[in-house]
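Data block below; observations after.
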Protein chains: 2
Amino acid sequence: MSKDKPVENETGKTGTDFMHGLAIDAVIFGFHDHQLKVLLMRYNRTGVVALPGGFIHKTEHLNDAANRIVSERTGLNDIYLEQFYVFGDYGRSDPQPMKDVLTANNIKHDDNHWLLQRFISIGYYALVDFTKVVPRPDTIFDSCDWYDLTNIPRLMQDHNSIIQKALVSLRADLDNKLIAFNLMQEEFTLGDLQILYETILDKKLLRPAFQRKMLSLGILERVAKKWTGAAHKAPYLYRFSKNL
Amino acid sequence: MSKDKPVENETGKTGTDFMHGLAIDAVIFGFHDHQLKVLLMRYNRTGVVALPGGFIHKTEHLNDAANRIVSERTGLNDIYLEQFYVFGDYGRSDPQPMKDVLTANNIKHDDNHWLLQRFISIGYYALVDFTKVVPRPDTIFDSCDWYDLTNIPRLMQDHNSIIQKALVSLRADLDNKLIAFNLMQEEFTLGDLQILYETILDKKLLRPAFQRKMLSLGILERVAKKWTGAAHKAPYLYRFSKNL
DNA sequence: TTATTATTGTAACATATTGTTACAATAATA
DNA sequence: TATTATTGTAACAATATGTTACAATAATAA
């Protein structure tokens, strides 16, 4: 979980510290300004944009690797993470964009370089508090930033379809697991929460039914404080109750 | 998808045709005699029992590999398969049982043999028509048979917990996807179907509600024929309608 | 101070879904 | 032809969800 200078090993010629042929790609969702956001890496010289990802150390638990990768990019710990699919089609990874990046980074490589071989990639999605994230570039890509989900550029390899599948999984999980709160700040109004749900599900919800449902879950704690606001009744603030 | 004599390569010393460090484990569910069954491999000499599994050819799609592996063990094609989790803890695979199997099979190996290294395993579950399956052993394990889910022995590595996780996933999918039919024969009564649901979910269901729900799905086709039976009203036979 | 305005919290009712009881319709057997 | 066991489904009850309505604010403007 080093947030310091990345070690040489991570891009070295041998890469002997990592398992080969296996990668993790992370779809890190945030929510801000009525928009779902995804954290993406960009190599400015070539313009290649990709999902944050990484590899699994030879003695590292898979889920630990996913945590480490997401922590390194966001500066956060204890992140909500969910494995959602394994992308393993042969030929899914066109090596050319990575080749360009390596060249531009002055990393020696031939066509047998392990980063240019076939990878099977395990997809994780993460839900984070947008306001707490400090995006950090990695060894290979030199910028790391939020993109509106509705405005994702053409990404490296099959990363566009990975995002789509992550979104489908997030929607399916929304009703079963109680995970939307991971995208909110600590305290929020039911109105905020409704906008989040509407954005994720891409459909309008009726306020009374939504509030009734959320409150009946018994996982929201009403905070005594109220909102400072505008010319109308102030909404209550809630927080996710850890008492369950 | 060769159902013939397994090729030397599959267990050879080099295994160069397969991706290393990655495996597929398949939880193949069947249903018979009011019981959920799982297909398991056994090496009779050492008594090791394990899930059917296999590896991914270097140019093979991941999902194709899963299909191939399940087809090889069951003799079936067009099998319902679902990726459900990736098992990647370091140390999840105690190499000793596999070592014993290799030794007993007279396969030359030292501790660096690729089959004794760390594997990350992609879990698939399969739903098959029990009556259509012809279980086939593989290169390493010399028998392949059904076990009652309620009576699974101690399995190799973490395979017991893989089965548990598969069952949890199956239960979760049961309401969302319409997959239970894959465990039935072509024609079945609503009573049969209810017993299947009750067995999977491990709880009693009320008949009128269950029938109403199943019929309202609009995916069941009532077959004109009726059941030959006992001293009471004969139930209708249904089949899953492909017209949707 | 007192309307005005916009938005919140929630009651009240309507509709839909699911749970439960009841019973007529069989298909053999006695 | 009665008996028995089980099926198909109607009928009602209990919940859950969708919708309308409205009182309760929190600022602003008169």
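Letters A, B, ... mirror the listed sequences (proteins, then strands); counts begin at 1. All values derive from a computational prediction rather than experimental measurement.
A:Phe141 meets the ring pair (Phe, Tyr, Trp, His ring centres under 6.0 Å) test with no other residue; sequence neighbours excluded. Listed by chain and number, the residues in a side chain to side chain donor-acceptor pair (under 3.5 Å) with A:Tyr197 amount to none (sequence neighbours excluded). Residues passing the salt bridge (Lys or Arg N to Asp or Glu O under 4.0 Å) test with B:Lys233: none are found, sequence neighbours excluded.
Between the CG atom of B:Leu217 and the C1' atom of C:dT17 there is a distance of 13 Å, rounded to whole Å. Whole-Å rounding puts the A:Leu206 CG to C:dA14 C1' distance at 13 Å. C:dT18 atom P lies 12 Å from atom NZ of B:Lys203, rounded to whole Å.
Counting only heavy atoms from C-beta outward, the side chains of B:Arg171 and B:Asp202 approach each other to under 4.5 Å.
Within 6.0 Å of CG in A:Asn176 there are more than 12 heavy atoms belonging to other residues, nucleotides or ligands.
The ring pair (Phe, Tyr, Trp, His ring centres under 6.0 Å) analysis of residues 168-194 of chain B, with sequence neighbours excluded, yields the pairs B:Phe181-B:Phe240.
Taking the charged nitrogens against the carboxylate oxygens, B:Glu198 and B:Lys204 do have a contact shorter than 4.0 Å, which makes a salt bridge.
Annotation: cation-pi geometry not satisfied between B:Arg92 and B:Phe87 (NZ/CZ under 6.0 angstrom from ring centroid, within 45° of ring axis).
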- Item | Contact state string [nucleotides 3-10 of chain C, B base, S sugar-phosphate only, - no protein heavy atom under 4.0 Å] | --BBBBBB
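DNA chain C forms stems at C:1-30 with D:1-30, each a run of 3 or more consecutive Watson-Crick or G-U wobble pairs whose two key distances fall under 3.5 Å.
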